[in-house]
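Down below is the structure, laid out as structure tokens.
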Amino acid sequence: MKTIVILTGSGISAESGVPTFRDNGGLWCSHRIEDVATPEAYLRNPALVQEFYNMRRKQLKEVKPNAAHLALAELAAQWDGKYFLITQNVDDLHERAGEGKTLGDGFALWHMHGELRKARCGVSEEIFPWDENITVETRCPCCKKPGRLRPHIVWFGEMPLYMDRIYHALRDCDLFLSIGTSGNVYPAAGFVHEVRASGRGHTVELNMEPSNGHTLFEEKIYGPATRVVPEYVTRILAGAIL
């Protein structure tokens with residue numbers, strides 16, 4: 001039974017209209033990352049941070065999965081081995097692409113940086129589905145107190161999610177695809193090292209342009225995600241890769 005592990009970054013959602021991680025000048029949706037994406041920023045100005053994520057959550061209603069998301073969902077539906085999809089993205093486009101499809105027991109989707117459509121209690125760590133705005137007055141569903149509910153997002157300085165499962169999958173995979181990533185953000189930028197160290201998996205970069213770690217990949221294909229991802233998935237399902 002062959003195992004595929006796929007890492008996706010902001011480049012796969014950019015063609016759907018989702019703003020990329022960093023805009024020009026080190027800004028993120030017109031905000032300095034230090035002002036909206038750190039625990040210190042939240043303590044300093046929780047209202048600003050909540051409003052920033054409210055805006056991003058609202059943007060999800062204006063975008064939809066593109067051909068790259070749909071191709072990966074089709075691969076998940078047809079692959080008869082294990083299939084692990086790791087995303088750095090906090091949008092829900094992978095989930096929406098897979099709606100209506102039957103996915104096997106060997107499939108898992110891990111949002112290592114959290115999810116916009118979820119909220120978390122800052123005290124109990126309980127996680128809730130969440131589509132509405134959060135303000136400093138919003139009462140937490142579990143403790144019933146205001147000011148304790150935060151976006152379920154991994155900020156700079158916090159530990160990404162699912163890391164034990166991710167590293168186990170990387171060490172055991174037969175094919176590793178890195179899609180739409182810059183190679184700047186760790187630990188995700190180091191995943192290709194894990195696969196190479198295992199001596200087992202074939203490593204592939206699918207990107208608009210070479211990432212910082214492009215020399216570590218055995219196969220590299222560059223172009224828009226909406227073109228290169230469906231083409232590569234077709235090769236996998238035709239048996240040309242594994």
Side-chain angles (χ1 to χ4, degrees), residues 1-13 21 68-69 71-90 93-95 97-98 101 103-115 154 156-223 225 228-242:
M1 181 181 292
K2 299 290 186 179
T3 298
I4 297 174
V5 176
I6 297 175
L7 170 68
T8 64
S10 60
I12 196 171
S13 293
F21 181 69
H69 297 104
L72 293 182
E74 188 63 28
L75 178 60
Q78 294 196 38
W79 187 247
D80 60 2
K82 294 182 179 179
Y83 179 108
F84 301 109
L85 178 54
I86 308 160
T87 186
Q88 297 172 276
N89 300 335
V90 296
L93 296 182
H94 283 304
E95 286 89 344
K101 294 184 179 297
L103 306 180
D105 294 336
F107 172 79
L109 169 58
W110 296 318
H111 282 268
M112 62 180 295
H113 292 160
E115 301 175 63
V154 176
F156 286 92
E158 296 181 327
M159 179 63 68
L161 308 173
Y162 308 108
M163 294 310 298
D164 287 345
R165 300 180 201 178
I166 288 171
Y167 281 123
H168 180 77
L170 291 169
R171 287 190 286 266
D172 289 343
C173 77
D174 299 287
L175 176 65
F176 173 65
L177 304 182
S178 178
I179 302 171
T181 65
S182 65
N184 288 322
V185 180
Y186 282 83
F191 289 172
V192 63
H193 290 277
E194 292 291 323
V195 179
R196 294 291 297 271
S198 73
R200 173 176 174 174
H202 179 60
T203 56
V204 183
E205 175 168 273
L206 304 177
N207 216 354
M208 181 62 76
E209 58 189 19
S211 71
N212 278 3
H214 71 278
T215 58
L216 296 169
F217 291 89
E218 299 162 277
E219 187 177 356
K220 298 172 271 284
I221 301 174
Y222 300 114
V228 299
V229 174
E231 289 176 354
Y232 204 83
V233 166
T234 297
R235 290 174 60 195
I236 294 173
L237 293 176
I241 307 299
L242 291 174

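Residues take their numbers from the sequence shown, with the count starting at 1.
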H168: partners by side-chain hydrogen bond (donor to acceptor under 3.5 Å, both in side chains), with sequence neighbours left out
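Partners of H168 under the side-chain hydrogen bond (donor to acceptor under 3.5 Å, both in side chains) test: D172.
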
Which pair of non-hydrogen atoms, one from [X] and one from [Y], has the smallest distance, and what is that distance?
{"X": "N184", "Y": "A189", "result": "N-CB, 4.4 Å"}
{"X": "G81", "Y": "M1", "result": "CA-CG, 3.4 Å"}
{"X": "M208", "Y": "Y222", "result": "O-CB, 3.9 Å"}
{"X": "I221", "Y": "V228", "result": "CG2-CG1, 3.9 Å"}
{"X": "M159", "Y": "V154", "result": "O-CG1, 3.8 Å"}
{"X": "H111", "Y": "E115", "result": "CG-CG, 3.4 Å"}

From [atom1] ([X]) to [atom2] ([Y]), nearest 0.5 Å:
{"X": "S198", "Y": "D174", "atom1": "OG", "atom2": "CG", "value": "9.0 Å"}
{"X": "S182", "Y": "E209", "atom1": "OG", "atom2": "CD", "value": "9.5 Å"}
{"X": "E194", "Y": "C173", "atom1": "CD", "atom2": "SG", "value": "10.5 Å"}
{"X": "L216", "Y": "H193", "atom1": "CG", "atom2": "NE2", "value": "4.5 Å"}
{"X": "I4", "Y": "L75", "atom1": "CD1", "atom2": "CG", "value": "4.5 Å"}
{"X": "R235", "Y": "L237", "atom1": "CZ", "atom2": "CG", "value": "12.0 Å"}

Is there a side-chain contact between [X] and [Y], using heavy atoms and a 4.5 Å cut-off?
{"X": "V5", "Y": "T3", "value": "yes"}
{"X": "L72", "Y": "I12", "value": "yes"}
{"X": "S211", "Y": "S178", "value": "no"}
{"X": "I236", "Y": "L175", "value": "yes"}
{"X": "P210", "Y": "K220", "value": "no"}

Is it the case that the side chains of E219 and Y232 hold a donor-acceptor pair, with the cut-off being a distance below 3.5 Å and no angle test?
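Judged by distance alone, the side chains do pair up.
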
Does one side chain, of E218 or T203, offer a donor that lies under 3.5 Å from an acceptor on the other?
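Yes.
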
Does the pair H113 and E158 meet the rule for a side chain to side chain donor-acceptor pair (under 3.5 Å), with working shown?
CA-CA 9 Å; H113 292 160; E158 296 181 327; over 6 Å; no

Does the side-chain contact (heavy atoms from CB on, under 4.5 Å) test come out yes or no for K2 and W79, once each step is laid out?
CA-CA 9 Å; K2 299 290 186 179; W79 187 247; 3.6 Å; yes

Evaluate N207 against I179 for side-chain contact (heavy atoms from CB on, under 4.5 Å), listing each step before the verdict.
CA-CA 6 Å; N207 216 354; I179 302 171; over 6 Å; no

Report the C-alpha distance between F176 and F217 in whole Å, list the side-chain angles of each, state the deciding distance to 0.1 Å, and finish with yes or no for side-chain contact (heavy atoms from CB on, under 4.5 Å).
CA-CA 9 Å; F176 173 65; F217 291 89; 3.9 Å; yes

Parallel, tilted or perpendicular: ring planes of Y167 versus F191, cut at 30 and 60 degrees
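Y167 vs F191 ring planes: perpendicular.
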
Between Y83 and I6, does the side-chain contact (heavy atoms from CB on, under 4.5 Å) criterion hold? Intermediate values first, please.
CA-CA 8 Å; Y83 179 108; I6 297 175; 3.4 Å; yes

A97: side chain to side chain contact (heavy atoms under 4.5 Å, CB included) partners, not counting sequence neighbours:
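P65, H69, L70, A73.
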
Hey, which of L85, I86, L103 is the one that makes side-chain contact (heavy atoms from CB on, under 4.5 Å) with L109?
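Option passing the side-chain contact (heavy atoms from CB on, under 4.5 Å) with L109: L85.
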
T8/T87 under side chain to side chain donor-acceptor pair (under 3.5 Å): CA gap, chis, key distance, verdict
CA-CA 5 Å; T8 64; T87 186; 2.8 Å; yes

